[in-house]
Every structure is written in C-alpha cells, then in structure tokens.
Amino acid sequence: MLTSNGYTLAPGSNRLGRLQETPDHELQNRDALWDRIRDQGYLLLRNQIPAADVLAFRQYYFSRLADSGLVREGTEPIEGIASGDGIDPGLYRQALFGEIVSSQEYEALCTHPAVRDWFEWFLGADTHLHKRRILRHTQPGENGIGTATQAHYDLVYLREGTDRVLSMWIPLGDCPVDLGGLIYLEGTHHAIMAEEAERRLKRPAASITADLPALADEYDSRWLVTDYAAGDVVVHSAHVIHAALDNVRTDGRMRLSTDIRYQRASDPIDWRWQQHWHDRDGL
C-alpha cells in the first residue's frame, strides 16, 4: 500500500505503474533523449552521479544537523536515522540555512560534472543553474497533509522565466518506495501544456492537491513509481505533474533529496530564484 499525505494510491494497473528507465542505447543520443522527454515528460537516468559522491554529501548533511537533535545518538550520520525526539529549531536552522545551503559541499554536488556537463551537452548551449535549490528530508511517520510534497508542476513557481527550464531530482541515498520517493502522473505534461496554451487551466498558486487518487481520476492517468538508488536522477519538464510518497519506514531512516533547475542561459530567467534558499521561504 502506497500513501502520500495520508491518501492511499489506487493499486489497479490503470492508476499505478512504473517509471520507465532510459535505455542504455539512448544515453549518448541527444535526439533520442529529447524525443523521450517530450513523450514522457521525464528522463530516469540510472547511475548518473557516482554513488560515493552522493553518499559523501549525505554524510555531510546529517553530520552538520546532528547537534540539533535530528539524528539518533549512537548511529552513523550517513544512515540518517531520526532521533524521534524534539530538535533545537535554532541550531537546526543555523546549520541548514547558515551553513549547508551555501556550502562548498552543496555547490559541488549541484555542479558535479555528471550534472553540469550533462546539462550543457543536453541543452547544447551555455547553461544557467538557478541558485535557489531545495534540500528536503522526511522522517518516518509523517503522513498528514503537507508532510509529503503535494501534486504540482514546476512552472507554477517559475512564471517569470522560460517554460523550458528543466528540473533534476536527486535522491541523496538509496530511496525505495517505502522511503517516500518522487512519483509522476503519467503523460500529464501534454494536458498541462495544452491547458496553459489555451488558458483553460485554473493556475494554482502552488500545489494542486494532496489528494493524489482523485487527481489520477481527474486526468485518467497512472502514478508512476520506482525504487531509486544513490546516483540515480530524474530530469523532468516544468509541465509534468509530480508529488512524493510518504516515508513509512519502521527503522527511522530519513529520506534526503534535492531538486535543482538548469536552463539555457539565453532563455528568460526567473530572477526570483537567484538567491539561496532561506528560512523565510519555509521548510
């Protein structure tokens, strides 16, 4: 049983499916990849970043937050085991927003050659990386509305720039479905693009809904899920609807991920996204 914000996803084959991996023979074929992302709305790229580099950042992240009380004492930070107790909000915010977000370690991850060079090759031009990038961890047992990422498409947040911006979601550590990975509503970028072009869409200010089963019924579509491993990434368009599952682990392990955005530097840039993520933006 898969849930998101406490809603149970319908298990039938017409409402639930698997994300399609990008086949090896397409990985060096830019035209084939463009055809795939136009068709699917996303590219699932396995082993895109060396797993050791991803795990090194996971170790750094939870080590820096350990003093806040987030991580269970006696466990290795890289495991990301939640303490289950209250955290010190002052220490937490100082470590996250005062150190981690603007750190060399985070910058190195977001501009890793396996990321930056790939976007430069794929976009075929000088690229621009949006400076505000989001880091998220979710603890087990958080399953009320607002605890998991609700259904949305990224253009909602990027209205003042190009609609050709691409997002990359990076799970920072292995992320099986029970840890609460990202999921996609199959084919919805086609509908969203048509509705946007015809101005038929009720443009949401942020998320569309937490009720993922109802949204699948509305679009007569399937939520696509998969198990992710450290080093995997998903690149997706600004129009495809996506959300996250609840973390239902029983061992206390936290999901950690980041989402970053690249675009052609020559395209219009939404300058609201050119400052570091700050605590005034919320968690």
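We number each residue from 1, following the sequence as shown.
The backbone N or O of Ile134 lies less than 3.5 Å from a partner atom in the side chain of Thr258, making a donor-acceptor pair. Looking only at distances, a side-chain donor or acceptor of His112 sits under 3.5 Å from a matching main-chain atom of Ala114. Remark: the backbone N or O of Gly69 is paired with a side-chain donor or acceptor of Ser83 at under 3.5 angstrom. A donor-acceptor pair under 3.5 Å links the side-chain atoms of His190 to the main chain of Asp39, judged by distance alone. Side-chain N or O atoms of Thr3 include none that pairs as donor or acceptor with a backbone N or O of Gly6 at under 3.5 Å. When atom types are taken as modelled, the side chain of Arg264 and the backbone of Leu123 share a donor-acceptor pair closer than 3.5 angstrom. Using modelled atom types, one side-chain atom of Asn247 and one backbone atom of Thr138 make a donor-acceptor pair closer than 3.5 Å. A donor-acceptor pair is defined here as one N or O able to donate and one able to accept, closer than 3.5 Å; no such pair exists between the side chain of Arg58 and the backbone of Ala56.
Across every non-hydrogen atom of Asn5 and Thr149, the tightest pair is ND2-O, 4.1 Å. Contact detail for Tyr153 and Arg159: the closest heavy-atom pair is OH-NH2, 3.5 Å. Heavy atoms only, all atoms of each residue included: Ile241 and Leu215 are closest at CG2-CD2, 3.9 Å. The two residues Cys175 and Gly180 come nearest to each other via the heavy atoms SG-C, 4.3 Å. Taking every heavy atom of both residues into account, Ala10 and Leu16 meet most closely at O-CB, 3.6 Å. Smallest separation of non-hydrogen atoms from Ala230 and Asp174: N-OD1, 2.9 Å.
Inter-residue side-chain proximity for Leu245 and Leu9 is flagged as met; some heavy-atom pair is nearer than 4.5 Å. The side-chain heavy atoms of Leu19 and Val225, taken from C-beta on, include no pair separated by under 4.5 Å. Looking only at side-chain heavy atoms (C-beta outward), Thr209 and Gln150 stay at 4.5 Å or farther from each other. Side-chain contact check for Met254 versus Leu179: every heavy-atom pair is 4.5 Å or farther apart. No side-chain heavy atom of Glu120 sits less than 4.5 Å from a side-chain heavy atom of Pro113. Between Ile260 and Val115, some side-chain heavy-atom pair lies under the 4.5 Å cut-off.
Here the OG-CG distance, from Ser4 to Asp246, works out to 5.5 Å after rounding to the nearest 0.5 Å. Note that CG of Asp267 is 4.0 Å distant from CZ of Arg164, once rounded to the nearest 0.5 Å. Atom-to-atom distance recorded for Ile87:CD1 and Leu65:CG is 8.0 Å, nearest 0.5 angstrom. The CH2 atom of Trp271 lies 8.5 Å from the NE2 atom of His130; values are rounded to the nearest 0.5 Å. Leu43 CG to Gln48 CD: the interatomic distance, rounded to the nearest 0.5 Å, is 10.0 Å. Expressed to the nearest 0.5 Å, how far OH of Tyr228 lies from CG of Leu182 amounts to 5.5 Å.
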Under the criterion side chain to side chain contact (heavy atoms under 4.5 Å, CB included), I'd like the reasoning laid out for Ile192 against Tyr219: C-alpha separation, chi angles, the key distance, then a yes or no.
CA-CA 10 Å; Ile192 293 295; Tyr219 282 92; 3.5 Å; yes
Does Asp251 form a salt bridge (Lys or Arg N to Asp or Glu O under 4.0 Å) with Arg253? I'd like the steps, not just the answer.
CA-CA 6 Å; Asp251 59 1; Arg253 185 175 175 85; over 6 Å; no
Apply side chain to side chain contact (heavy atoms under 4.5 Å, CB included) to residues Phe57 and Ile100 and explain how you reach the verdict.
CA-CA 10 Å; Phe57 182 81; Ile100 297 173; 4.2 Å; yes
Which is it for Val234 and Leu45 under the side chain to side chain contact (heavy atoms under 4.5 Å, CB included) test, yes or no, and what are the steps along the way?
CA-CA 6 Å; Val234 187; Leu45 304 174; over 6 Å; no
Just do the side chain to side chain contact (heavy atoms under 4.5 Å, CB included) check on Arg136 and Arg255 with the steps written out, would you?
CA-CA 8 Å; Arg136 292 188 178 92; Arg255 189 205 93 184; 4.0 Å; yes
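Put simply, the residue from Asp24, Thr226, Thr22 that forms a side-chain hydrogen bond (donor to acceptor under 3.5 Å, both in side chains) with Arg46 is Thr226. Arg64 pairs in a side-chain contact (heavy atoms from CB on, under 4.5 Å) with only one of the listed residues (Tyr60, Tyr61, Phe62), which is Tyr60.
Using a 4.0 Å cut-off between charged nitrogen and carboxylate oxygen, Arg38 and Asp35 count as a salt-bridge pair. With salt bridges taken as basic N to acidic carboxylate O contacts below 4.0 Å, one links Arg15 and Asp217. The pair Asp270-Arg272 meets the salt-bridge criterion, since a charged nitrogen lies less than 4.0 angstrom from a carboxylate oxygen.
The side chain to side chain contact (heavy atoms under 4.5 Å, CB included) search around Ser237 returns His189, His239, Val240, not counting sequence neighbours. By the side chain to side chain contact (heavy atoms under 4.5 Å, CB included) test, Arg222 pairs with Glu186, Leu224, sequence neighbours left out. Every side chain to side chain contact (heavy atoms under 4.5 Å, CB included) that Thr111 has, sequence neighbours left out, goes to Glu107, Arg116, Leu129, Tyr262. With sequence neighbours excluded, the residues satisfying side chain to side chain contact (heavy atoms under 4.5 Å, CB included) with Asp227 are Arg18, Pro176, Val177.
In the hydrophobic clustering of this structure, Val54 does not group with Leu44; members are Ile, Leu, Val, Met, Phe, Trp, Tyr whose side-chain heavy atoms approach within less than 4.5 Å, directly or through other members.
Side chains of Ser68 and Asp88: no donor on one and acceptor on the other come within 3.5 Å. Under the 3.5 Å distance criterion, with hydrogens and angles disregarded, a donor-acceptor pair is assigned to the side chains of Ser63 and Gln59. Judged by distance alone, the side chains of Gln40 and His236 never bring a donor and an acceptor atom under 3.5 Å apart.
Residue pairs meeting the ring pair (Phe, Tyr, Trp, His ring centres under 6.0 Å) criterion with at least one partner in residues 32-54, sequence neighbours excluded, are Trp34-Phe122, Tyr42-Tyr184.
Within a 6.0 Å radius of CD in Glu218, other residues, nucleotides and ligands contribute more than 12 heavy atoms.
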Throw together a table of side-chain donor-acceptor distances under 3.5 angstrom for residues 166-173, partners on residues two or more places apart or in other chains.
unit_1 : atom_1 : unit_2 : atom_2 : d
Ser167 : OG     : Asp154 : OD2    : 2.6
Ser167 : OG     : Arg261 : NE     : 3.3
Trp169 : NE1    : Ser257 : OG     : 3.3

